[in-house]
*Asks:* 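This is the structure, below, for whatever I ask next.
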Amino acid sequence: MRRPHLPARLPLDPYVLALLATVGLAALLPARGPAATAADLASTAAVALLFFLYGARLSTREALDGLRHWRLHLTVLACTFVLFPLLGLAARGLVPGLLTAPLYGGLLFLCLVPSTVQSSIAFTSIARGNVPAAICAGSFSSLAGIVLTPLLAAALLGGEEGGFSPDSLLRITLQLLLPFLLGQALRPWAGGFLVRHKQVLGYVDRGSILLVVYAAFSAGVVAGIWHRVSLPQLAALMLVEAVLLTVMLLVTWYGAARLGFGRADRVAIQFAGSKKSLAAGLPMAGVLFGAHAALAVLPLMLFHQMQLMVCAVIARRRAQDPLPELAAEGVAEVSPARQRPAPRAR
């Protein structure tokens, strides 16, 4: 029996460390008075900029080209926006025995945000899965999340503390939807600039999210919200999230097999359908929850790091699948260069 191979170093995302440092800064030096107003305005502008860049980067043509693999994309969307929310609703039975109402609100919000793009692609590539499908699935999920996440929040979070309200709809339209549509409209002119300055704009993305996190956690500290969370409650939250991630990883892998997908597609479905986007969820939480965003994003931040660590192990184990086994399944895992017969020597 082959012993499982674990990576020598689990991926502790440096950006998660930056987020935790931002939380610590907000706890020690929260913005108060005029500084809080300035931080809130800057956070609002940062969210609008973030979604403008999302819209300007998303290639509508590439997304439409990927529609030919519609069964896979519908499966990922169903996992992200149907199965995840259903599991989140089922977790309501854990309140108040295991989870507090505010933490449950954050857990339910976690279940509503779209899937990741970059990490889904990276893990699918490591595991020798269908990378083009992962790219399209992540893009579709991000695009759908602009509309579906607020709608699901309106339906499911209306009764939760800091949940959805008519004012939230206006803020979502002004801060998320309009900048995104503007970015899509300007993409023919802005696309080249974005490609040339991709690395710099990546820092703009991450800096914007850090600003959103600082404003949200500052408001939480000033409001005394952290006195309502204890270490046992955080441990209970992590346990619930571990179960949630395990269920989704199993369902996406074995459920995709039952639906008739080959191994390469199953890999893409597992990594795109079981993960949640921290980059998309944080600014959305700031818009939806306002002053209560600190506790709302805490479950998402914990889940993000957990999914990175677990999926890194799974991807590296899948990468060790023997190629004859893959060929027997009829999966085109090998690059086209390897699939073509070698040229004859001249």
*Asks:* Roughly how far apart are F52 CZ and L181 CG, rounded to 0.5 Å?
*Replies:*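 Between F52 CZ and L181 CG, I get 11.5 Å after rounding to 0.5 Å.
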
*Asks:* Taking ring-ring contact (aromatic ring centres under 6.0 Å, His included) as the definition, give me every residue that meets it alongside Y254, ordered by chain and number, with sequence neighbours left out.
*Replies:*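 Not a single residue meets the ring-ring contact (aromatic ring centres under 6.0 Å, His included) criterion with Y254.
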
*Asks:* Output the rest of the hydrophobic cluster of V76: all Ile, Leu, Val, Met, Phe, Trp and Tyr residues reachable through side-chain heavy-atom contacts under 4.5 Å, sorted by chain and number.
*Replies:*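 Members alongside V76: L72, L259, F261, I269.
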
*Asks:* Measuring only between side-chain heavy atoms, which start at C-beta, is V23 closer than 4.5 Å to Y214?
*Replies:*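 V23 does not reach Y214 side chain to side chain.
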
*Asks:* Can you check whether L300 reaches V113 side chain to side chain, under 4.5 Å on heavy atoms?
*Replies:*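 Of all side-chain heavy-atom pairs linking V113 with L300, at least one is under 4.5 Å.
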
*Asks:* Can you find a heavy atom in the side chain of L49 that is under 4.5 Å from one in the side chain of P179?
*Replies:*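 Contact flag for L49/P179 side chains = no.
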
*Asks:* Is the closest side-chain heavy-atom distance between H73 and C136 below 4.5 Å?
*Replies:*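 Sidechains of C136 and H73: in contact.
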
*Asks:* Please enumerate all residues that pass side chain to side chain contact (heavy atoms under 4.5 Å, CB included) together with P85, with sequence neighbours excluded.
*Replies:*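 Testing P85 for side chain to side chain contact (heavy atoms under 4.5 Å, CB included), a comparison that skips the adjacent residues, returns L112, L152, L156.
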
*Asks:* Measuring only between side-chain heavy atoms, which start at C-beta, is Q233 closer than 4.5 Å to L99?
*Replies:*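 The answer is no; the side chains never approach within 4.5 Å.
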
*Asks:* Restricting to side chain to side chain contact (heavy atoms under 4.5 Å, CB included), what partner residues turn up for L29, sequence neighbours left out?
*Replies:*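 L29: side chain to side chain contact (heavy atoms under 4.5 Å, CB included) contacts with L25.
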
*Asks:* Hydrophobic cluster mates of L239, side-chain heavy atoms under 4.5 angstrom, ILVMFWY only, any path?
*Replies:*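 Joined to L239, directly or through intermediates: none.
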
*Asks:* Tell me which pairs pass side chain to side chain donor-acceptor pair (under 3.5 Å) where either residue lies in residues 235-252, with sequence neighbours left out.
*Replies:*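 Of all non-adjacent pairs touching residues 235-252, none passes side chain to side chain donor-acceptor pair (under 3.5 Å).
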
*Asks:* Please identify each residue that fulfils side chain to side chain contact (heavy atoms under 4.5 Å, CB included) with V131, with sequence neighbours left out.
*Replies:*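 V131 satisfies side chain to side chain contact (heavy atoms under 4.5 Å, CB included) with I121, T124, S125, I135 once adjacent residues are dropped.
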
*Asks:* So F271 and C311, side-chain contact (heavy atoms from CB on, under 4.5 Å) or not? Walk me through it.
*Replies:* CA-CA 7 Å; F271 290 126; C311 288; 3.9 Å; yes

*Asks:* Distance from L110 atom CG to L103 atom CG, nearest 0.5 Å?
*Replies:*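 The distance works out to 12.0 Å.
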
*Asks:* Side-chain contact, heavy-atom cut-off 4.5 Å: D265 with R71?
*Replies:*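 No. Closest side-chain heavy atoms not under 4.5 Å.
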
*Asks:* Is there a side-chain contact between T149 and F81, using heavy atoms and a 4.5 Å cut-off?
*Replies:*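 Yes, close enough: below the 4.5 Å cut-off.
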
*Asks:* Look at atom CG of L86 and say whether more than 12 heavy atoms of other residues, nucleotides or ligands are closer to it than 6.0 Å.
*Replies:*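 Above 12, so yes.
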
*Asks:* So, does R266 use its side chain to make a donor-acceptor pair with the main chain of W253 at under 3.5 Å?
*Replies:*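 Pair found, side chain donor or acceptor close to backbone of W253.
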
*Asks:* Please list, chain by chain and in numerical order, all residues satisfying side chain to side chain contact (heavy atoms under 4.5 Å, CB included) with L41, sequence neighbours excluded.
*Replies:*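 Testing L41 for side chain to side chain contact (heavy atoms under 4.5 Å, CB included), a comparison that skips the adjacent residues, returns T37.
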
*Asks:* Check whether any side-chain N or O of S141 sits under 3.5 Å from a backbone N or O of S115 as a donor-acceptor pair, and report yes or no.
*Replies:*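 Yes; at least one donor-acceptor contact below 3.5 Å.
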
*Asks:* Looking only at non-hydrogen atoms, find the nearest pair between S218 and P30 and report the distance.
*Replies:*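 That would be OG-CA, 3.6 Å.
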
*Asks:* What closest approach, in Å, do Q307 and H304 show between heavy atoms, and which atom pair accounts for it?
*Replies:*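 Taking Q307 first and H304 second, the nearest heavy atoms are CG-O, 3.0 Å.
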
*Asks:* Scan residues 269-283 for pairs that pass side chain to side chain donor-acceptor pair (under 3.5 Å), counting only residues two or more places apart or in two chains.
*Replies:*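 Listed by first then second residue: T116-K275, S119-K275, S120-K275, Q270-R318.
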
